[in-house]
A.B. asks: 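I have a structure I would like to understand better, so I am pasting it below and will then ask my questions one at a time.
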Amino acid sequence: ELFKKIKKVYDNRLDMDYNEHDLKLIEDTHQSFIRNGASLNDSDKENLRNLDQELSVLSPKFSNNVLDAQNSFEMWISDKEDLEGLPEDAINAASESAKKKDRGNEWLFTLQMSSYLPFMTYSKKRNLREKLFKAYGGLCNGGEYDNTSVIKKIVKLKHKRAQLLGYKSHADFVLERRMAENIENVYGLLDNLYEYSYKAAKSEIKELEEYAMTKDGLNSFFQWDLMYYKELLKKDKYAFDSEELRPYFKAENVINGVFDIASRLYDLKFKKLENVQTWHSEVDCFEVNDSDDSHIGILYIDLFPRSTKRSGAWMNALLENGLYKGKVRRPHVLFCASLTPSTKEKPSLLNYREVETVFHEFGHCLHGLLSDGKYQSTSGTNVFWDFVELPSQIMENWVGESDALKLFAKHYETGEVIPDELIEKIKKSSNYGSGYLSLRQLSLGYLDMAWYTNLDDVEDVEEFENKATEKTKLFPSVPGMTVSNSFGHIFSGGYSAGYYSYKWAEVLDADAFEKFKEDGIFNKETAASFRNNILSMGGLKHPMDLYKKFRGREPEVEALLRRDDLIK
């Protein structure tokens, strides 16, 4: 009955005096009902309901399995010699974790990124790196929290659902509502970047193998050696230890820095609120206002890992901008992360990648906060999925700019501004390993598309994954290790048939930031154009139309290749 009313409004929409917000809402609502089965017969509707019910249970099950598997793994170290190579912060954090479990004379390492990454990057103990790497790579592949059957069911049900609605595959269904539009365009992007990325990545691995042989006499080179020797070579090549940066990246300073940059770009004001109830004592709350003191929204920040909180970093809208009970309300947004926590000895000091993560998620927050739409469903981050990463990824670019860094990168003890020589080292080393990182993202994109374009039953997840990613492999496969079994983005998140979005958005953000570089990274006019044409518009118009209005043309893939130094 409801759909009959919606269809009548939709069929007569052009005869009425609707504005563009109204028309967009009508068209999106009608399409949403169609894509959720409103035009199916009663029997097919019942089938769809059953499929949706099954999927609603499977996705949380997948996610909970990953969280439980991560929390269940513990690598205990009792011999101090096994800590060789690790930075003091990582050792202190491991000691704090051990003390919480009443084992004060030991050190605990886990699969949380704030524990895992420092160990894989700095530990001299190759056997322990291998142990940790295989534990992470084997997450939910067998054992108590096995996701193998969950994956198979999710994929099968999603294909069934798409076919019931008249699509060939889940990927076809998803891409109808994406900037890429179809499977061919997704593979076009991945394939356009593949040759450049593979060639560079292969060269990088060869250099690392030779370096490991010369330095430590390694006759074999495995994935658990990659981060360690990459960091060592980076030190030798650029006289740069990324741990040198931590003292300049106190978490509070980084947050203040991203606030300052947003203020310079968009004339925003951030005021900490002390009288707002939150879900945890670590959560901070800020009121965000425009330059004229008009209310923009509320921002919650939850930075550090907890056992009851899923790992990773993300943004959510708690209340979305748009019509609610007859009034357009302003948004409340949340920024969550799992950053390096403080210890008794030191405050939270972030590594460079964590700083980029802060800027990335804050970019999503700006997209939500600066939304200026009439309806919730077409406002904020409610845009095509392969466009949603543009506002977040473009913010990362300011982290590499000297004028931006000097606003907030100050030594936590002395207050000294980050020296020019360190900034120069950041710049010189910024593209180090970019070929492998790009190839890694392409590999995940190919894997995602393989799952959601393949209509045949998958017998062996490991075998299927190896085949899907074969052309991106630079290391032999390790039995028992898969990405798929813990690939939350595509099995419990919103990225099914959409993981390519990261590379798609990288093309957009590289191309868009070239405009900022041309005009000045704090240019008010350029920032106003980005705010008015991208951040405030939500999903009101097709993203390519919005982008062209900002940039004056369609994005060029060469901008990304230039930024990553994959072409000259």
A.B. asks: Looking at CG of L323 and CD of Q376, how far apart are the two atoms once the value is rounded to the nearest 0.5 Å?
C.D. replies: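 One gets 8.0 Å once the value is rounded to the nearest 0.5 Å.
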
A.B. asks: Just to verify, what does N397 make a side-chain contact (heavy atoms from CB on, under 4.5 Å) with, not counting sequence neighbours?
C.D. replies: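 If we apply the side-chain contact (heavy atoms from CB on, under 4.5 Å) test to N397, skipping adjacent residues, the hits are I394, D509, F513, R563.
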
A.B. asks: Do K410 and E416 meet the salt-bridge criterion of a basic N to acidic O distance under 4.0 Å?
C.D. replies: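 No, E416 and K410 are not salt-bridged.
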
A.B. asks: Quick one: do K406 and D420 make a salt bridge, cutoff under 4.0 Å?
C.D. replies: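 Between D420 and K406 there is a salt bridge, with a charged N closer than 4.0 Å to a carboxylate O.
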
A.B. asks: Can we say E506 and K503 salt-bridge, meaning some charged N sits less than 4.0 Å from an Asp/Glu carboxylate O?
C.D. replies: yes

A.B. asks: Applying side chain to side chain donor-acceptor pair (under 3.5 Å), name anything that partners Y452, two or more places apart in sequence or on another chain.
C.D. replies: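 Once residues adjacent in sequence are excluded, Y452 has no partner under the side chain to side chain donor-acceptor pair (under 3.5 Å) criterion.
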
A.B. asks: Before accepting this row, confirm whether a basic side-chain N of the pair D545/K541 lies closer than 4.0 Å to the acidic partner's carboxylate O.
C.D. replies: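 Judged by the 4.0 Å cut-off on N to carboxylate O distance, D545 and K541 do not form a salt bridge.
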
A.B. asks: Between F516 and W398, does the ring centre distance come in under 6.0 Å?
C.D. replies: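 For F516 and W398, the ring centres are under 6.0 Å apart.
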
A.B. asks: With sequence neighbours excluded, what pairs up with F286 under the ring pair (Phe, Tyr, Trp, His ring centres under 6.0 Å) test?
C.D. replies: F259

A.B. asks: What's the separation between atom CG in N321 and atom OH in Y375, rounded to the nearest 0.5 Å?
C.D. replies: 12.5 Å

A.B. asks: What residues, two or more places apart in sequence or in another chain, satisfy ring pair (Phe, Tyr, Trp, His ring centres under 6.0 Å) together with Y502?
C.D. replies: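 Scan of Y502 (ring pair (Phe, Tyr, Trp, His ring centres under 6.0 Å), adjacent residues dropped) gives H489, Y495, Y499.
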
A.B. asks: Apply side chain to side chain donor-acceptor pair (under 3.5 Å) to D260 and list each qualifying residue two or more places apart in sequence or on a separate chain.
C.D. replies: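 So D260 forms a side chain to side chain donor-acceptor pair (under 3.5 Å) with R264.
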
A.B. asks: Taking only residues two or more places apart in sequence or in another chain, which ones pass ring pair (Phe, Tyr, Trp, His ring centres under 6.0 Å) with F304?
C.D. replies: none

A.B. asks: Any pair with a residue in residues 537-568 that passes ring pair (Phe, Tyr, Trp, His ring centres under 6.0 Å), sequence neighbours left out, goes on the list, sorted by first then second residue, please.
C.D. replies: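 Counting only pairs at least two positions apart or across chains, the ring pair (Phe, Tyr, Trp, His ring centres under 6.0 Å) contacts touching residues 537-568 are F384-H542, F530-F550.
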
A.B. asks: Tell me, yes or no, whether the heavy-atom count around E525 atom CD, taken from other residues, nucleotides or ligands under 6.0 Å, exceeds 12.
C.D. replies: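 Open.
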
A.B. asks: State whether D293 and K269 are salt-bridged, where the test is any N-O pair (Lys NZ or Arg NE/NH1/NH2 against Asp/Glu carboxylate O) under 4.0 Å.
C.D. replies: yes

A.B. asks: Could you go through the side chain to side chain donor-acceptor pair (under 3.5 Å) check for T526 and D519 one step at a time?
C.D. replies: CA-CA 7 Å; T526 307; D519 300 341; 2.7 Å; yes

A.B. asks: Within this structure, what is the CG-CD1 distance for the pair L2 and I6, rounded to the nearest 0.5 Å?
C.D. replies: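 Answer rounded to 0.5 Å: 4.0 Å.
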
A.B. asks: Evaluate the criterion ring-ring contact (aromatic ring centres under 6.0 Å, His included) for residue pair Y136 and Y116; output intermediate values, then yes/no.
C.D. replies: CA-CA 9 Å; Y136 192 84; Y116 176 82; 4.8 Å; yes

A.B. asks: Answer yes or no: is there an ion pair linking K515 with E556, defined by an N-O contact shorter than 4.0 Å?
C.D. replies: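 A salt bridge is absent here (no side-chain N lies under 4.0 Å from a carboxylate O).
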
A.B. asks: Under 30°, 30 to 60°, or over 60°: which ring-plane class applies to F173 and Y167, parallel, tilted or perpendicular?
C.D. replies: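 Perpendicular: the ring planes of F173 and Y167 meet at over 60°.
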
A.B. asks: Sort and list the pairs that fulfil salt bridge (charged side-chain N to carboxylate O under 4.0 Å, His left out) and have at least one residue in residues 357-378, not counting sequence neighbours.
C.D. replies: D22-K374

A.B. asks: So that I can tick it off, tell me whether E396 and R353 are bridged by a salt bridge, with the cut-off set at under 4.0 angstrom between side-chain N and carboxylate O.
C.D. replies: yes

A.B. asks: Applying salt bridge (charged side-chain N to carboxylate O under 4.0 Å, His left out), can you list everything that pairs with D15, at least two apart in sequence or on another chain?
C.D. replies: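 Residues passing salt bridge (charged side-chain N to carboxylate O under 4.0 Å, His left out) with D15: none at all.
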
A.B. asks: Please report the interatomic distance SG(C365) to CD1(I301), rounded to the nearest 0.5 Å.
C.D. replies: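 Result: 7.0 Å between the selected atoms.
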
A.B. asks: Would you check if the distance from the ring center of W279 to the ring center of Y300 is below 6.0 Å?
C.D. replies: yes

A.B. asks: Please tell me whether F408 and F359 form a close aromatic pair, meaning their ring centres lie under 6.0 Å apart.
C.D. replies: yes

A.B. asks: For atom CZ of R440, decide whether the heavy atoms of other residues, nucleotides or ligands shown that lie under 6.0 angstrom number more than 12.
C.D. replies: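 Result for CZ/R440: open.
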
A.B. asks: Between R329 and E320, is the closest basic N to carboxylate O distance under 4.0 Å?
C.D. replies: no

A.B. asks: Just jot down the salt bridge (charged side-chain N to carboxylate O under 4.0 Å, His left out) partners of E282, sequence neighbours excluded, or say none.
C.D. replies: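 Counting only residues at least two positions away or on another chain, E282 forms a salt bridge (charged side-chain N to carboxylate O under 4.0 Å, His left out) with R306.
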
A.B. asks: How far apart are the closest heavy atoms of T381 and V388, and which atoms are they?
C.D. replies: O-CG2, 3.7 Å

A.B. asks: Among all residues two or more places apart in sequence or in another chain, which pass the salt bridge (charged side-chain N to carboxylate O under 4.0 Å, His left out) test with E354?
C.D. replies: R246

A.B. asks: More than 12 non-hydrogen atoms from neighbouring residues, nucleotides or ligands closer than 6.0 Å to NZ on K61, yes or no?
C.D. replies: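 Atom NZ in K61 is not crowded, with 12 or fewer foreign heavy atoms closer than 6.0 Å.
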
A.B. asks: Is there a side-chain contact between C336 and D302 (heavy atoms, below 4.5 Å)?
C.D. replies: yes

A.B. asks: May I ask you to decide if the ring planes of Y446 and Y194 are parallel, tilted or perpendicular, using 30° and 60° as cut-offs?
C.D. replies: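 Perpendicular, since the angle between the ring planes exceeds 60°.
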
A.B. asks: Listed by chain and number, what are the salt bridge (charged side-chain N to carboxylate O under 4.0 Å, His left out) partners of R178, not counting sequence neighbours?
C.D. replies: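 Listed in chain order: nothing, the list is empty.
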
A.B. asks: With rounding to the nearest 0.5 Å, note down the distance linking OG in S32 to CG in L25.
C.D. replies: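 Spacing of OG (S32) from CG (L25) equals 10.5 Å.
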
